[in-house]
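Before any comments, here is the structure.
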Amino acid sequence: MVNVALEEIGRGTAEIIDIERIEKLVTKYYEDGTTYTVKAGFDPTAPDLHLGHTVLLQKLATFQKFGGRVQFLIGDFTAMIGDPTGKSATRKVLTKEDIVKNITSYTEQAFKILDESKTTIVYNNDWLEKLGADGMLQLASNLTVARMLERDDFSKRYASNTPIAVSEFMYPLLQGYDSVHLRSDIEIGGTDQKFNLLMGRQLQKAYEIKKQQAVLMMPILEGLDGVNKMSKSLGNYIGVTEEPKNIYGKLLSISDELMWRYYELLSEKSLNEIAQLKEDVASRTVHPKTAKENLALEITTRFYNEELATLAKEEFNSVFKAKKLPTDMAEFEMEDGIWICQALVDAGLEPSTSQARRDVKQNAVSIDQEKISDDKLNLTMGEYIIQVGKKRFAKLKVV
RNA sequence: GGUGGGUUACUCAAGUGGCCAACGAGGGCGGAUUGUAAAUCCGCUGACUACGUCUUCGAAGGUUCGAAUCCUUCACCCACCA
């Protein structure tokens with residue numbers, strides 16, 4: 001039983017530091033039911049969770065199955081600094097209300113995956129605020145600049161003359177201090193967090209906590225483009241609250257190569273099953289599209305249910321395979337004689353009449369399934385279905 | 001505090017008086033092909049009922065018939081020296 005647990009825990013991980021510790025904790029749980037804590041930090045700036053986050057959440061859920069209690073840490077204090085990602089150093093300051101609102105929707109989404117009864121939500125503002133200047137200095141004394149510059153992105157930025165704010169140096173320290181305060185047994189995070197996660201171990205030692213946390217890192221999930229990491233700002237993400245048909249559709253649009261990655265990190269299928277499937281696709285017993293459909297169905301089901309997921313699949317097939325119209329389209333009422341380009345803008349299908357004009361000329365626009373090419377067209381009374389490209393539809397009522 | 005360099009569209013990055021709505025690359029969008037996959041090929045990529053007009057090259061002024069380009073001031077960023 002312990003072996004099964006450990007295998008599940010190890011699945012898909014990028015790296016585990018101090019695996020012995022994890023083995024001991026899990027073994028102990030099976031011996032006498034002693035639970036242990038698993039910490040994971042989340043940034044409350046972006047209230048929308050996407051599949052990239054769920055990789056981590058699923059791992060947490062796995063731990064919950066095997067005796068772990070999750071410390072769901074909201075980094076409301078650290079959010080004010082911003083993790084040194086090398087992107088914009090300046091960050092929008094969040095109000096307390098914003099944070100509360102974000103967190104509510106955040107946890108709501110997270111509990112689609114996590115077991116709420118085995119989760120404790122903690123806020124690092126609670127203890128970091130009280131740390132004070134002296135506490136801060138004491139904390140900072142644990143770290144040398146040279147050590148800090150070992151961190152990959154710091155050294156790169158330093159080498160390429162990109163500015164590094166001193167406050168950014170504090171980020172890993174504070175995150176590490178969270179582990180001291182919480183006395184976490186295990187912390188999990190993405191591979192990009194390695195430095196910060198290790199800082200937790202180092203600081204726990206400095207603050208004389210007997211056992212340092214084990215660290216488990218998950219790979220970063222690539223976004224829909226298959227190159228960059230999935231993130232909202234890059235627009236290559238699938239949000240967990242998106243509509244079933246969008247989740248399904250987006251998953252189906254990923255490349256075949258990326259599909260295997262998603263299978264590994266997101267699917268519930270066992271690694272053996274996936275290997276088998278891969279073989280079947282390679283030997284052409286299974287069409288790659290079928291494999292992708294199954295993945296899309298599985299993920300969509302996870303956030304909704306089988307019925308809605310199946311519906312999404314049917315809708316998708318009817319719209320894109322059979323070129324039928326989607327069942328639900330936004331509807332608009334317009335005045336008689338409206339110029340087609342203006343109508344496209346008003347319906348939100350185009351950002352400007354200039355763009356609309358270009359698209360019409362490029363045969364991208366159709367009315368009632370008929371391509372049009374006259375960019376000076378005016379619509380007369382009646383009802384129309386207008387479409388731009390393959391994905392954008394709207395229903396127009398001209399009166 | 002001193003010296004030098006920089007700030008151009010979604011991003012990177014050319015352009016140093018008229019040929020500039022601004023080269024090129026990436027991204028994005030559209031078309032063909034397809035499995036709404038990838039790859040490939042082609043087109044588009046400031047706004048405006050539009051072969052013309054208007055607004056854009058950090059900000060504000062100025063020189064000029066004419067400025068992204070020259071001058072002045074300001075803001076921000078970077079490097080080196082202290």
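Just so we're on the same page: letters track the sequence lines, and every chain starts at 1.
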ask   = How many angstroms lie between CD in A:E187 and CD in A:Q71, if you round to the nearest 0.5 Å?
value = 9.0 Å
inquiry  = Please compare A:R392 and A:I338 by the position of their nearest nucleotide in RNA chain B and report the one closer to 5'.
reply    = A:R392
request  = Tell me what A:G226 touches on the nucleic acid: a base, only sugar-phosphate, or nothing, going by heavy atoms under 4.0 Å.
outcome  = nothing
ask   = With a 4.5 Å limit on heavy-atom distance, are the side chains of A:K269 and A:Q276 in contact?
value = no
message = Whole angstroms only, please: what is the CZ-P distance between A:F320 and B:U33?
response = 17 Å
query = How far does CD1 of A:I385 sit from OG of A:S366, to the nearest 0.5 angstrom?
reply = 10.5 Å
ask   = Between A:S354 and A:S352, does a side chain to side chain donor-acceptor pair (under 3.5 Å) hold up when you go through it step by step?
value = CA-CA 5 Å; A:S354 296; A:S352 69; 4.5 Å; no
request  = Flag the pair A:E7 and A:R11 as a salt bridge only when some basic side-chain nitrogen lies within less than 4.0 angstrom of an acidic carboxylate oxygen.
outcome  = no
message = Between B:C23 and B:C10, how far apart are the two P atoms, rounded to whole Å?
response = 14 Å
key: Rounded distance (Å) that lies between atom P of B:G35 and atom NZ of A:K292   = 12 Å
request  = Report yes or no: is the cationic atom of A:K292 (NZ for Lys, CZ for Arg) under 6.0 Å from the centre of the six-membered ring of A:Y263, at an angle within 45° of the ring normal?
outcome  = no
task = Would you mind reading off the distance between A:N363 atom CG and B:C29 atom P, rounded to a whole angstrom?
result = 19 Å
C1' spacing across the pair B:G30 / B:C19, given as an integer number of angstrom = 31 Å
ask   = Taking NZ, NE, NH1 and NH2 as the nitrogens, is one of them in A:E20 or A:K24 under 4.0 Å from a carboxylate oxygen of the other?
value = no
ask   = Counting any heavy atom closer than 4.0 Å, what does A:N378 reach on the DNA or RNA strands: base, sugar-phosphate only, or nothing?
value = base
request  = Pick the P atom in B:G43 and in B:A25, then give their distance to the nearest Å.
outcome  = 12 Å
query = If the sugar-phosphate is the primed atoms plus P, OP1 and OP2 and the base is the rest, what is the B/S/- string for nucleotides 41-47 of chain B, using protein heavy atoms under 4.0 Å?
reply = --BSS-S
ask   = Rounding to a whole Å, what distance do you find between A:N236:CG and B:C29:P?
value = 12 Å
What side-chain donor-acceptor pairs closer than 3.5 Å can you find for residues 387-399 of chain A, not counting sequence neighbours?
| unit_1 | atom_1 | unit_2 | atom_2 | d |
| --- | --- | --- | --- | --- |
| A:Q387 | NE2 | A:G389 | O | 3.0 |
| A:R392 | NH1 | A:L349 | O | 2.8 |

Same-atom distance (C1') from B:C51 to B:C12, integer angstrom = 34 Å
inquiry  = Show, in sequence, the C-alpha distance, side-chain angles and deciding distance for A:Y237 and A:H53, and conclude whether the side-chain contact (heavy atoms from CB on, under 4.5 Å) test is met.
reply    = CA-CA 10 Å; A:Y237 71 107; A:H53 298 110; over 6 Å; no
request  = For B:U11 versus B:C57, give the span between their C1' atoms, rounded off to a whole number of Å.
outcome  = 16 Å
request  = Looking at every strand, decide which applies to A:K376 at a 4.0 Å heavy-atom threshold: base, sugar-phosphate, or nothing.
outcome  = nothing
message = Could you check whether the side chain of A:D256 and the base of B:G35 have a donor-acceptor pair of N or O atoms closer than 3.5 Å, going by distance alone?
response = yes
request  = Write down the distance between NZ (A:K390) and P (B:G30), rounded to a whole number of angstrom.
outcome  = 8 Å
Value rounded to 0.5 Å, distance of CD1 in A:I386 from CG in A:L379 = 7.5 Å
request  = For nucleotides B:G15 and B:U56, find the distance between their C1' atoms and express it as a whole number of Å.
outcome  = 16 Å
request  = Write out the stems for RNA chain B, ordered by first number and formatted as range with range, counting runs of at least 3 consecutive Watson-Crick or G-U wobble pairs under 3.5 Å.
outcome  = B:1-7 with B:75-81, B:10-12 with B:24-26, B:27-32 with B:40-45, B:46-48 with B:52-54, B:58-62 with B:70-74
Span that lies between the P atom of B:G26 and that of B:C70, in whole angstrom = 30 Å
ask   = What is the distance, rounded to the nearest whole Å, between atom CH2 of A:W339 and atom C1' of B:A50?
value = 8 Å
inquiry  = Rounding to an integer number of angstrom, what distance separates B:A14 and B:U49 when you compare their C1' atoms?
reply    = 35 Å
request  = With rounding to the nearest 0.5 Å, note down the distance linking CD in A:Q109 to NE2 in A:H50.
outcome  = 10.5 Å
remark   = To the nearest angstrom, the CH2-P distance between A:W260 and B:A38 comes to 17 Å
task = Examine B:G31: is either OP1 or OP2 under 4.0 Å from a nitrogen or oxygen in the side chain of A:K371? Give yes or no.
result = yes
inquiry  = In whole Å, I'd like the distance from the CG atom of A:L349 to the P atom of B:C29.
reply    = 15 Å
